[in-house]
Undergrad: 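Quick one: this structure, given as structure tokens, is what I'll be asking you about.
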Amino acid sequence: MSDVQTPDVILAGMLAADAARPRLTFYDDVEGPTKGERIELSGKVLANWVAKAGNALQDELDAGPGSVVALDLPTLHWRTVYWAMAAWSVGATVEVAADGEGSGDAATELAQHADVLVSTDLEADPGTGELVVVTLAALARSAPSPVPAGGMDEARELATHGDRFTAFATAGADEVALRRRGAQPAYHSWRYDELVPAVDWPSGVRLHLAGGDVAAVLRQVLAAWARDGSVVLSRGGAGAPDLASRLESEGVTLDSPDLP
């Protein structure tokens with residue numbers, strides 16, 4: 001798969017180009033305990049999060065090619081991005097709901113098809129699979145309540161995993177990388193060799209996203225990175241009164257484009 005533009009190839013390219021350059025900036029405008037957070041990840045820091053999550057998936061949760069990792073996480077969130085990248089690094093299929101905002105119903109539906117369910121829901125039932133409970137707050141060191149027996153408390157445990165990742169096996173280019181459930185069409189999938197959309201965006205694009213379903217957001221992020229670009233995510237910020245000044249201060253050059 002080395003000649004195919006896949007997430008691992010894109011991440012390696014960003015590290016080679018400039019590991020210190022900001023690649024993912026996140027604003028949280030949703031009412032709640034994390035409102036007002038701004039998180040910025042360089043290529044190096046992003047790769048560190050991906051490596052830790054990838055090692056957790058591979059070493060502790062036995063995920064690899066043929067596995068399904070379901071993400072019951074917010075559509076526009078930095079944690080959603082690195083968990084998707086981690087699942088792709090082990091060669092798994094990422095499965096998401098149409099809205100991706102995390103709910104009991106979404107978690108239940110996704111768990112029916114998943115080997116690993118990654119969710120913010122402390123009461124999520126992973127069925128016969130494994131459960132990872134994600135706490136969204138940037139500085140969280142544990143989940144706000146005990147996670148279900150056998151589940152992984154990401155905030156507490158992810159830091160114990162290594163900063164470097166080597167895959168035991170890789171997925172084939174024609175294997176499914178991403179599946180979206182519940183949208184129109186009701187079920188859609190993308191192979192590894194078609195995951196990254198071909199776009200005519202300029203090199204170094206600074207992309208802003210404030211809407212869309214989680215599958216589209218993940219593919220737009222990859223498209224920007226494939227153009228040696230960077231991404232600003234505004235969770236709940238589509239109507240924020242200071243959005244225009246935010247885009248100017250962040251140097252955004254492309255705002256919420258449609259995918260081809």
Side-chain angles (χ1 to χ4, degrees), residues 26-37 39 49-50 52-64 67-88 90 92-161 178-183 186-187 211-218 233 235-236:
F26 166 75
Y27 286 86
D28 198 333
D29 297 294
V30 173
E31 291 295 334
T34 61
K35 183 177 181 179
E37 280 193 349
I39 309 297
W49 281 98
V50 172
K52 286 182 177 296
N55 282 317
L57 286 170
Q58 183 170 259
D59 298 341
E60 187 169 339
L61 303 173
D62 296 323
S67 299
V68 175
V69 177
L71 303 184
D72 178 45
L73 300 172
T75 301
L76 293 151
H77 207 283
W78 63 287
R79 295 194 187 277
T80 307
V81 174
Y82 73 72
W83 272 107
M85 293 291 287
W88 290 324
V90 305
T93 296
V94 171
E95 185 156 318
V96 297
D99 60 12
E101 280 302 319
S103 68
D105 290 345
T108 299
E109 167 105 11
L110 289 168
Q112 295 176 10
H113 312 277
D115 299 289
V116 180
L117 174 65
V118 184
S119 178
T120 57
D121 186 357
L122 278 161
E123 298 181 357
D125 181 358
T128 59
E130 305 284 355
L131 174 66
V132 178
V133 175
V134 172
T135 305
L136 297 180
L139 299 180
R141 293 295 175 262
S142 66
S145 302
V147 304
M152 174 188 290
D153 181 346
E154 186 223 34
R156 183 186 298 276
E157 299 179 43
L158 200 64
T160 65
H161 291 274
L178 177 62
R179 293 199 305 224
R180 180 186 62 203
R181 306 186 65 84
Y187 185 88
D213 67 74
V214 66
V217 167
L218 290 172
L233 301 178
R235 181 186 180 220

Undergrad: Between Asp62 and Ser67, is there a side-chain heavy-atom distance shorter than 4.5 Å?
TA: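 Ser67 does not reach Asp62 side chain to side chain.
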Undergrad: Among Leu218, Asp213, Val214, find the one that has a side-chain contact (heavy atoms from CB on, under 4.5 Å) with Arg180.
TA: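 Running side-chain contact (heavy atoms from CB on, under 4.5 Å) over Leu218, Asp213, Val214 with Arg180 returns exactly one hit, Asp213.
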Undergrad: Would you find a donor on one side and an acceptor on the other, under 3.5 Å apart, between the side chain of Ser142 and the backbone of Arg156?
TA: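 No; zero donor-acceptor contacts below 3.5 Å.
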Undergrad: How many angstroms lie between atom NZ of Lys52 and atom CG of Leu57, to the nearest 0.5 angstrom?
TA: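 Reported to 0.5 Å precision, the distance equals 13.5 Å.
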Undergrad: Who passes side chain to side chain contact (heavy atoms under 4.5 Å, CB included) against Glu37, sequence neighbours left out?
TA: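 Checked Glu37 against side chain to side chain contact (heavy atoms under 4.5 Å, CB included); matches are Phe26, Asp28, Thr34, Ile39, Ala137, Ala138.
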Undergrad: Is it the case that atom CZ in Arg179 sees more than 12 heavy atoms from other parts of the structure closer than 6.0 Å?
TA: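 Yes, CZ of Arg179 has more than 12 neighbouring heavy atoms, counting only those of other groups under 6.0 Å.
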Undergrad: What's the spacing between Leu71 CG and Glu95 CD if we round to 0.5 Å?
TA: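 Nearest 0.5 Å value for the CG-CD distance: 9.5 Å.
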Undergrad: State, to 0.1 Å, how close Ala111 and Asp125 come at their nearest heavy-atom pair, and which atoms those are.
TA: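 What the structure gives for the nearest pair is CB-O, 3.3 Å.
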Undergrad: Closest heavy-atom contact between Leu110 and Ala70?
TA: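 Taking Leu110 first and Ala70 second, the nearest heavy atoms are CB-CB, 3.7 Å.
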Undergrad: What residues form a side chain to side chain contact (heavy atoms under 4.5 Å, CB included) with Ala56, not counting sequence neighbours?
TA: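 Scan of Ala56 (side chain to side chain contact (heavy atoms under 4.5 Å, CB included), adjacent residues dropped) gives Met152, Leu158, His161.
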Undergrad: Report yes if some heavy atom in the side chain of Leu233 is under 4.5 Å from a heavy atom in the side chain of Thr80; otherwise report no.
TA: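 With C-beta onward as the side chain, the pair stays apart.
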Undergrad: Return yes if some donor-acceptor pair links the side-chain N/O of Arg79 with the main-chain N/O of Leu136 below 3.5 Å, else return no.
TA: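 Here the side-chain-to-backbone pair exists.
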Undergrad: Please assess Met85 against Trp88 for the test side-chain contact (heavy atoms from CB on, under 4.5 Å), listing each intermediate value before the final yes or no.
TA: CA-CA 5 Å; Met85 293 291 287; Trp88 290 324; 4.0 Å; yes
Undergrad: Considering non-hydrogen atoms only, spot the tightest contact between Ala107 and Asp72 and give its length.
TA: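 Scanning both residues, the minimum pair turns out to be CB-OD2, 3.4 Å.
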Undergrad: Could you note down all residue pairs passing salt bridge (Lys or Arg N to Asp or Glu O under 4.0 Å) where residues 132-148 supplies at least one of them, sequence neighbours left out?
TA: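 Checked against salt bridge (Lys or Arg N to Asp or Glu O under 4.0 Å) - neighbours excluded - no pair reaches residues 132-148.
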Undergrad: Just do the side-chain contact (heavy atoms from CB on, under 4.5 Å) check on Asp115 and Val69 with the steps written out, would you?
TA: CA-CA 6 Å; Asp115 299 289; Val69 177; over 6 Å; no
Undergrad: Taking it one step at a time, do Val147 and Leu131 satisfy side-chain contact (heavy atoms from CB on, under 4.5 Å)?
TA: CA-CA 9 Å; Val147 304; Leu131 174 66; 5.9 Å; no
Undergrad: To check you understand the geometry: which heavy-atom pair defines the closest contact between Pro148 and Val133, and what is its length?
TA: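 Taking every non-hydrogen atom into account, CD-CG2, 4.3 Å.
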Undergrad: Not counting sequence neighbours, which residues clear side chain to side chain contact (heavy atoms under 4.5 Å, CB included) with Thr135? List them please.
TA: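 For Thr135, the residues satisfying side chain to side chain contact (heavy atoms under 4.5 Å, CB included) (neighbours in sequence not counted) are Ala140, Ala143, Pro144, Ala155.
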Undergrad: Just to verify, what does Glu123 make a side chain to side chain donor-acceptor pair (under 3.5 Å) with, not counting sequence neighbours?
TA: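 Partners of Glu123 by the side chain to side chain donor-acceptor pair (under 3.5 Å) criterion come out as none, since no residue qualifies.
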Undergrad: Show me the pairs that pass side-chain hydrogen bond (donor to acceptor under 3.5 Å, both in side chains) and involve residues 146-155, at least two apart or across chains.
TA: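 side-chain hydrogen bond (donor to acceptor under 3.5 Å, both in side chains) check on residues 146-155 returns Tyr82-Glu154, Trp83-Glu154.
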Undergrad: Measure across Gly236 and Val30 and return the closest heavy-atom pair with its distance rounded to 0.1 Å.
TA: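 Reported closest heavy-atom pair: CA-CG2, 3.9 Å.
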Undergrad: Of all the heavy-atom pairs spanning Glu130 and Gly150, show the shortest one and how long it is.
TA: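 For Glu130 and Gly150, the tightest heavy-atom pair comes out as OE1-O, 4.3 Å.
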